Amino acid sequence: MKASKLILGTQRENPADAEIVSHQLMIRAGLIRQVSSGIYNWLPLGKKVLQKVEDIIRTEMNNSNAQEILMPMVQPASLWEESGRIDQYGQELLVFLDRHDNKFCLGPTHEEIITDLCKNLLTSYKQLPVTLYQIQTKFRDEIRPRFGVMRSREFIMKDAYSFDLNKEGLDQSYAIMKDSYIKIFNRLGLDYRIVKADSGAIGGSDSEEFHVLADSGEDLLAFSDKSDYAINAELLTELQEGQDPYSLEGKQSPDGQGNLKLKKGIEVGHIFKLGKKYSEILNLRIQGENGDINPEMGCYGIGASRIVAAAIEQNHDEKGIVWPKSLSPFQVALVEVNSKDNKNVKEKCNEVYQLLKDNNIETLWDDRDKRPGVKFADMEVIGIPMTIIVGERTLETGQIEIKKRKDEKPELVSHQDLLSLILN
RNA sequence: CGGGGCAUAGCGCAGCCUGGUAGCGCACCUGCUUUGGGAGCAGGUGGUCGCAGGUUCAAAUCCUGCUGCCCCGACCA
């Protein structure tokens with residue numbers, strides 16, 4: 001992609017109403033623009049990053065044999081009345097009337113719809129176990145949206161739902177999803193923790209949250225420095241009422257192994273064992289070997305758009321975003337420096353661009369008629385992990401300059417080594 | 001919903017106190033000179049000053065009402 005043709009939307013100054021660094025950088029790097037409180041446009045660069053997140057999730061979901069579907073964002077409110085959640089969800093559920101005065105709502109989650117769907121889709125236990133998922137827009141009318149796409153009203157979520165014949169099956173489906181989540185967050189290249197959690201309005205028994213560690217996180221996590229013990233600090237039974245959670249820092253972990261550490265986290269994933277809650281309320285019956293049963297359900301969510309913000313919270317410096325390779329909108333930036341009076345520069349860029357293209361390396365060729373400083377600064381705020389610099393100065397030496405986003409200075413490499421260096 | 005703040009060009013801001021019909025920086029467009037870390041000069045585009053009403057000869061400015069946005073809290077994936 002040539003930068004001269006790309007709607008970049010980078011901005012030099014921080015927006016006045018963005019408080020946390022990911023929100024500031026998402027706007028400065030041209031990833032998003034606000035439409036209304038908690039509602040955003042995703043610009044070309046932002047959409048590319050979001051797509052990377054979605055692709056990783058989709059690949060791992062498919063690997064775990066979950067099947068992708070797409071459910072509607074607009075849902076009949078009657079289903080929510082049936083499940084009893086219309087009152088429980090309260091104002092967060094955005095309800096409206098169609099032209100026939102029928103009540104509808106914007107889906108904040110899809111337990112009702114999927115359960116209803118499976119009432120005529122799943123008929124025999126032979127179809128079980130099965131896990132269905134979608135990646136789709138959700139709407140929750142948050143009391144106070146904030147921090148850009150971190151806590152927005154409209155957001156992109158992957159939600160999966162498992163159906164099993166019995167509890168043992170649910171345990172297995174849950175374990176498969178958890179394993180899949182671990183693969184996803186590892187591939188995303190984020191520093192995260194899995195913690196025991198409260199199941200909240202979704203309901204059910206066991207639940208665990210996946211948190212990206214960041215000081216700006218809204219949740220406080222407590223975990224052992226020696227064992228796997230980890231819990232959302234709001235669930236710490238060791239806390240007296242009114243006691244500061246941080247006072248437990250360094251104390252012995254409740255599981256007796258190691259000492260407690262406390263860190264802030266951003267919740268990016270949540271997995272639940274729902275049990276029969278929805279299959280019973282909404283009367284989902286499936287034929288078993290001996291009569292029909294209410295299947296055991298699990299649900300599994302990942303905040304795709306929130307991951308983009310969380311990744312930035314964890315990966316940035318004073319110049320801008322520093323994308324992990326897995327999420328960068330482009331793998332390589334190709335910056336041409338002062339090509340006007342030197343046709344060789346342009347030709348060399350073209351040659352390098354073709355080479356990268358032939359090797360399926362997504363490259364942003366900054367061919368804009370701008371001074372070098374502007375281009376470097378833009379590539380840095382966008383956070384592309386690697387920049388190739390082609391200019392008169394090094395062209396003569398027969399070498400080529402590569403600067404990693406994290407490094408201060410570029411290094412010189414030979415043309416032969418260029419490709420292998422980028423691919424590794 | 002309680003508390004606080006803000007609203008003037010795409011972005012960041014000044015002007016408001018003391019009313020006289022809108023300005024600066026960045027960005028954008030033209031030209032010339034420049035060109036390895038956000039260039040210089042010259043010229044230019046772009047705003048019913050959030051909305052509605054009121055006061056006044058005259059309102060961005062004063063008054064009233066409303067709306068939107070941000071922050072803290074409660075709440076929440």
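These numbers come from a predicted model, not from an experiment.
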Any A:Gln34 side-chain N or O less than 4.0 Å from OP1/OP2 of B:C70: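 For B:C70, OP1/OP2 do have a side-chain N/O of A:Gln34 under 4.0 Å.
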Return no unless some side-chain N or O of A:Arg144 is found under 4.0 Å from OP1 or OP2 of B:C71. yes
Heteroatom pairs (N/O) under 3.5 angstrom, protein to nucleotides 22-32 of chain B:
unit_1	atom_1	unit_2	atom_2	d
B:G25	N2	A:Glu13	OE2	3.1
B:C28	OP1	A:Lys370	NZ	2.3

Intermediate values then yes/no, side chain to side chain donor-acceptor pair (under 3.5 Å), A:Ser414 and A:Gln399: CA-CA 5 Å; A:Ser414 70; A:Gln399 289 178 302; over 6 Å; no
Whole Å only: how far is the [atom1] atom of [X] from the [atom2] atom of [N]?
| X | N | atom1 | atom2 | answer |
| --- | --- | --- | --- | --- |
| A:Asp369 | B:U34 | CG | C1' | 11 Å |
| A:Arg151 | B:C71 | CZ | C1' | 15 Å |
| A:Phe155 | B:A77 | CZ | C1' | 6 Å |
| A:Ile382 | B:G37 | CD1 | C1' | 16 Å |
| A:Ile143 | B:C75 | CD1 | C1' | 4 Å |
| A:Met379 | B:G36 | CE | P | 18 Å |
| A:His23 | B:C70 | NE2 | P | 8 Å |
| A:Gln136 | B:A77 | CD | C1' | 15 Å |

Can a salt bridge be assigned to the pair [X] and [Y] using a cut-off of 4.0 Å between side-chain N and carboxylate O?
| X | Y | result |
| --- | --- | --- |
| A:Asp215 | A:Lys263 | no |
| A:Arg151 | A:Glu267 | no |
| A:Glu54 | A:Lys158 | no |

Nearest-nucleotide pick for [X], side chain only, options being [options]:
| X | options | value |
| --- | --- | --- |
| A:Arg146 | B:C72, B:C69, B:A77 | B:C72 |
| A:Phe147 | B:C72, B:G36, B:A77 | B:C72 |
| A:Ser37 | B:A74, B:C70, B:C13 | B:C70 |

Touch class at under 4.0 angstrom, heavy-atom based, for [X] against every strand present:
| X | answer |
| --- | --- |
| A:Ser339 | nothing |
| A:Pro108 | nothing |
| A:Asp341 | nothing |
| A:Glu142 | base |
| A:Ile389 | base |
| A:Ala377 | base |

Apply the test side chain to side chain donor-acceptor pair (under 3.5 Å) to residues A:Glu112 and A:Ser83: give CA-CA distance (whole Å), side-chain angles for both, the deciding distance (0.1 Å), then the verdict. CA-CA 7 Å; A:Glu112 279 78 3; A:Ser83 72; 2.6 Å; yes
Do the side chain of [X] and the main chain of [Y] share a donor and acceptor less than 3.5 angstrom apart?
| X | Y | value |
| --- | --- | --- |
| A:Thr10 | A:Asp378 | no |
| A:Thr137 | A:Ile156 | no |
| A:Asn166 | A:Gly169 | yes |
| A:Arg306 | A:Met150 | yes |

What interatomic distance, in whole Å, is found between [atom1] of [M] and the corresponding atom of [N]?
| N | M | atom1 | result |
| --- | --- | --- | --- |
| B:G20 | B:C29 | C1' | 33 Å |
| B:A59 | B:U64 | C1' | 15 Å |
| B:A60 | B:U8 | P | 15 Å |

Intermediate values then yes/no, side chain to side chain contact (heavy atoms under 4.5 Å, CB included), A:Ile7 and A:Leu45: CA-CA 8 Å; A:Ile7 301 299; A:Leu45 281 178; over 6 Å; no
Check each of A:Leu213, A:Ile184, A:Ile182, A:Ile266 against A:Tyr192 using the side chain to side chain contact (heavy atoms under 4.5 Å, CB included) test, and report the only one that passes. A:Ile182
Could you list by number each residue of residues 390-412 of chain A showing a heavy-atom separation from RNA chain B of less than 4.0 Å, or answer none if no residue does?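 Residues of residues 390-412 of chain A under 4.0 Å from RNA chain B: A:Gly391, A:Glu392, A:Arg393, A:Thr394, A:Glu401, A:Lys403.
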So if I take residues 170-179 of chain A and measure heavy-atom distances to RNA chain B, which residues fall below 4.0 Å? none
Would you say A:Glu313 and A:Ser216 are linked by a side-chain donor-acceptor pair, where the criterion is simply a distance under 3.5 Å? yes
With nearest nucleotides of RNA chain B determined for A:Met157 and A:Asp378 from heavy-atom distances, which residue corresponds to the more 5′ nucleotide?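 That would be A:Asp378.
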Mapping A:Gly148 and A:Arg33 to their closest nucleotides on RNA chain B, which lands nearer the 5' end?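 The residue whose closest nucleotide sits nearer the 5' end is A:Arg33.
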Looking at B:A77 and A:Phe272: do their rings stack (centroid distance under 5.5 Å, interplanar angle under 30°)?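 According to the criterion (under 5.5 Å, under 30°), no, A:Phe272 does not stack.
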Measure all distances between protein nitrogen or oxygen atoms and nitrogen or oxygen atoms of nucleotides 39-42 of chain B, and list the pairs falling under 3.5 Å.
unit_1	atom_1	unit_2	atom_2	d
B:A39	OP2	A:Arg371	NH1	3.4
B:A39	O4'	A:Arg371	NH1	3.4
B:A39	N9	A:Arg371	NE	3.3
B:A39	N7	A:Arg371	NE	3.3

For a quick check, tell me whether the side chain of A:Glu380 and the base of B:G37 share a donor-acceptor pair closer than 3.5 Å. yes
Does A:Lys47 make a cation-pi contact with A:Trp42, if we ask for NZ or CZ under 6.0 Å from the ring centre and within 45° of the axis?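 The answer is no; the distance or angle limit is not met.
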Can you confirm if the NZ or CZ of A:Lys261 lies within 45° of the ring axis of A:Phe223 and under 6.0 Å from the centre of its six-membered ring? no
Which nucleotide, if any, forms a Watson-Crick or G-U wobble pair with B:G37, using both distances under 3.5 Å?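 By the stated definition (distances under 3.5 Å), nothing pairs with B:G37.
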Looking at residues at least two apart in the chain, or sitting in another chain, which of them share a side-chain hydrogen bond (donor to acceptor under 3.5 Å, both in side chains) with A:Lys346? A:Glu336
Where do A:Arg58 and A:Glu68 land on the salt bridge (charged side-chain N to carboxylate O under 4.0 Å, His left out) test, with the steps shown first? CA-CA 8 Å; A:Arg58 181 173 284 114; A:Glu68 185 168 13; 2.9 Å; yes
Are more than 12 heavy atoms, taken from residues, nucleotides or ligands other than A:Asp98, located less than 6.0 Å from that residue's CG atom? yes
Assert yes or no for the condition that the ring centre distance of A:Phe272 to A:Tyr300 is strictly below 6.0 Å.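 No, too far apart.
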Sort me out a list of protein N/O and nucleotides 14-16 of chain B N/O pairs below 3.5 Å, or just none if empty.
none

